[in-house]
Protein chains: 2
Amino acid sequence: MTRRHHVDETDLRILKRLQLDARLSNVRLAEDVHLSPSACLERVKTLEKDGLIRRYLADFDLPKICSFVMLMVEVILENHREADFDRFLAAIRKREEVLECLKIGGRIDYLMRVICRDIDHYNELSDFMSRGDLGVEKFHGHVVLATDKAFEGYPLDLLIEPRGQP
Amino acid sequence: MTRRHHVDETDLRILKRLQLDARLSNVRLAEDVHLSPSACLERVKTLEKDGLIRRYLADFDLPKICSFVMLMVEVILENHREADFDRFLAAIRKREEVLECLKIGGRIDYLMRVICRDIDHYNELSDFMSRGDLGVEKFHGHVVLATDKAFEGYPLDLLIEPRGQP
DNA sequence: AATAAACGCCGATGATTATTCGGTAAACGG
DNA sequence: CCGTTTACCGAATAATCATCGGCGTTTATT
């Protein structure tokens, strides 16, 4: 099982705060979670070392930086042996256009988020997907027309708070 | 159009670097992009002010923090008038379980990433989706079994580099 | 119950960093 | 050609980081 690290109330406050602003200075973070800077820093480092905090990343408004086309691509493989999944994933991991790849339960196998410069670029990726050695039976790309709600962090309160009745 | 800010080579280096590690100190960032700390800081602040950098967020290994169920939910609305979209979006924006909502081209209208504590919790959200006043014709949730490739930043080089032939 | 070990915290410290402030040089525009 | 803008640098100060020893509480052990 995962979860060797027990997340207490203070850890949770730290996580929630860093999820809102990862560049917060340790001093202000410490204030917000009611700890001394040294104690706070120690906790953050532990959270990082134990891998609960994986990394800190900058969130871009990509349309302001460059033009692109984003797609959600459903993938169905020809066969479902372990080797078939591995082969597909190994290939997909090398393509930077594939931002993420989710294994899905249901009639499709994978759902991928893909980003390309333009339709020509996607067409090229599309050809790649069709190559026989990938084991893809069929795939279907949905163009993302708009992001009507963007990811802004996990609702930790909602996920954790109601933990059993004492 | 968006893009009033012209992103030059140096800006691009800054963005790429911050995308890898948002908590990088300004001094080290300046070294990496071959600028003085003051010049570098000024550029970063401009990038933030112009909104190219939206925010800095901590990336969690959520399974190490709590248990949950993630789903991708396809949504089809009954009608496609502007008011129908607005009504639906207003409702789902209030639900913290909906991490993001993408407007999709094709036979479905929206694709939502949803996170719940457990199946009971999703069942409850499911009931919410079925309420008549949301205008949802039908929806279909796919459980996310695994994240085989996780988002780790945009491939800026791939998106920007080949900009026209001089 | 007593002791020991471990834990988490605090506050003080020197080292590091952030941020501001002139000042300079190149690019731009009339 | 000259004033304006832009982007940069380097130095100085204010703020922060990050380490350390020490303290009190909890936990485990005997």
Side-chain angles (χ1 to χ4, degrees), chain A residues 1-61 64-66 156 160-161 163-164 166, chain B residues 1-61 64-66 156 160-161 163-164 166:
Chain A
M1 266 322 260
T2 99
R3 182 124 64 121
R4 43 182 54 84
H5 184 115
H6 178 251
V7 179
D8 65 11
E9 293 268 330
T10 305
D11 286 330
L12 200 54
R13 277 202 297 271
I14 291 175
L15 291 174
K16 289 196 296 190
R17 199 65 194 78
L18 284 180
Q19 192 173 220
L20 288 177
D21 178 11
R23 290 204 92 176
L24 203 64
S25 82
N26 183 59
V27 171
R28 261 177 283 174
L29 175 61
E31 286 173 7
D32 289 358
V33 302
H34 312 300
L35 277 183
S36 70
S38 50
C40 182
L41 188 63
E42 193 180 5
R43 275 183 182 260
V44 171
K45 287 201 161 179
T46 303
L47 289 168
E48 291 170 356
K49 191 161 52 61
D50 291 356
L52 306 218
I53 299 176
R54 204 183 288 142
R55 53 199 293 261
Y56 302 94
L57 47 88
D59 176 30
F60 300 150
D61 190 347
K64 286 185 178 170
I65 296 174
C66 60
L156 294 182
I160 293 180
E161 205 169 353
R163 54 178 171 289
Chain B
M1 264 321 259
T2 97
R3 181 124 61 123
R4 42 182 55 83
H5 183 115
H6 178 250
V7 179
D8 64 10
E9 293 268 330
T10 305
D11 285 330
L12 199 55
R13 277 201 297 271
I14 290 175
L15 290 174
K16 290 197 297 190
R17 198 67 195 76
L18 284 179
Q19 191 173 222
L20 288 177
D21 179 11
R23 290 205 92 176
L24 202 64
S25 81
N26 183 58
V27 170
R28 260 176 283 175
L29 175 60
E31 287 172 8
D32 289 358
V33 302
H34 312 301
L35 276 183
S36 71
S38 50
C40 182
L41 187 64
E42 193 182 3
R43 275 183 182 258
V44 170
K45 285 199 164 179
T46 302
L47 288 167
E48 290 170 356
K49 191 160 53 61
D50 291 355
L52 307 217
I53 298 175
R54 204 184 287 140
R55 54 199 291 262
Y56 302 94
L57 46 89
D59 176 30
F60 300 152
D61 189 347
K64 287 186 179 170
I65 296 173
C66 60
L156 294 183
I160 292 180
E161 205 169 351
R163 51 179 172 291

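Comparing D:dC20, D:dC8, C:dT20 by their closest approach to the side chain of B:Ala39 singles out D:dC8. Residue A:Leu41 places its side chain closer to D:dA18 than to any other of D:dC8, D:dA18, C:dC10.
Scanning all heavy atoms of the two residues, the minimum distance from A:Val33 to A:Cys40 falls at CG2-SG, 4.2 Å. Nearest heavy atom pair, residue A:Gln19 against residue B:Arg55, reads O-NH2, 3.1 Å.
B:Asn26 is linked by a side-chain hydrogen bond (donor to acceptor under 3.5 Å, both in side chains) to nothing, counting only residues two or more places apart in sequence or in another chain.
Atom CD of B:Glu42 is separated from atom C1' of C:dG23 by 14 Å (rounded to the nearest Å). For the pair A:His6 NE2 and C:dC7 C1', the computed distance is 15 Å after rounding to whole Å. Atom CG in B:Asn26 sits about 19 Å away from atom P in D:dA14, given to the nearest Å. Atom CG of A:Leu24 and atom P of C:dA18 are 14 Å apart (whole Å). B:Arg13 has its CZ atom 15 Å from the P atom of D:dA7, to the nearest Å. Remark: C1' of D:dC9 and NE2 of B:His34 are 16 Å apart, rounded to the nearest angstrom. The distance from atom NZ of B:Lys45 to atom P of C:dA18 is 11 Å, rounded to the nearest whole Å. In this structure, the CG atom of A:Leu29 is 15 Å from the C1' atom of D:dA18, given to the nearest Å.
Using a 4.0 Å heavy-atom distance criterion, B:Ser25 is classed as a sugar-phosphate-only contact.
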Test log, rule side chain to side chain contact (heavy atoms under 4.5 Å, CB included), inputs A:Tyr56 and B:Asp59: CA-CA 6 Å; A:Tyr56 302 94; B:Asp59 176 30; over 6 Å; no

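In terms of position along DNA chain C, the nucleotide closest to A:Arg43 lies nearer the 5' end than the nucleotide closest to the other residue of the pair A:Arg43 and A:Arg23. Positionally, the nearest nucleotide of DNA chain C for A:Ser36 lies more toward the 5' end than for the other of A:Arg28 and A:Ser36.
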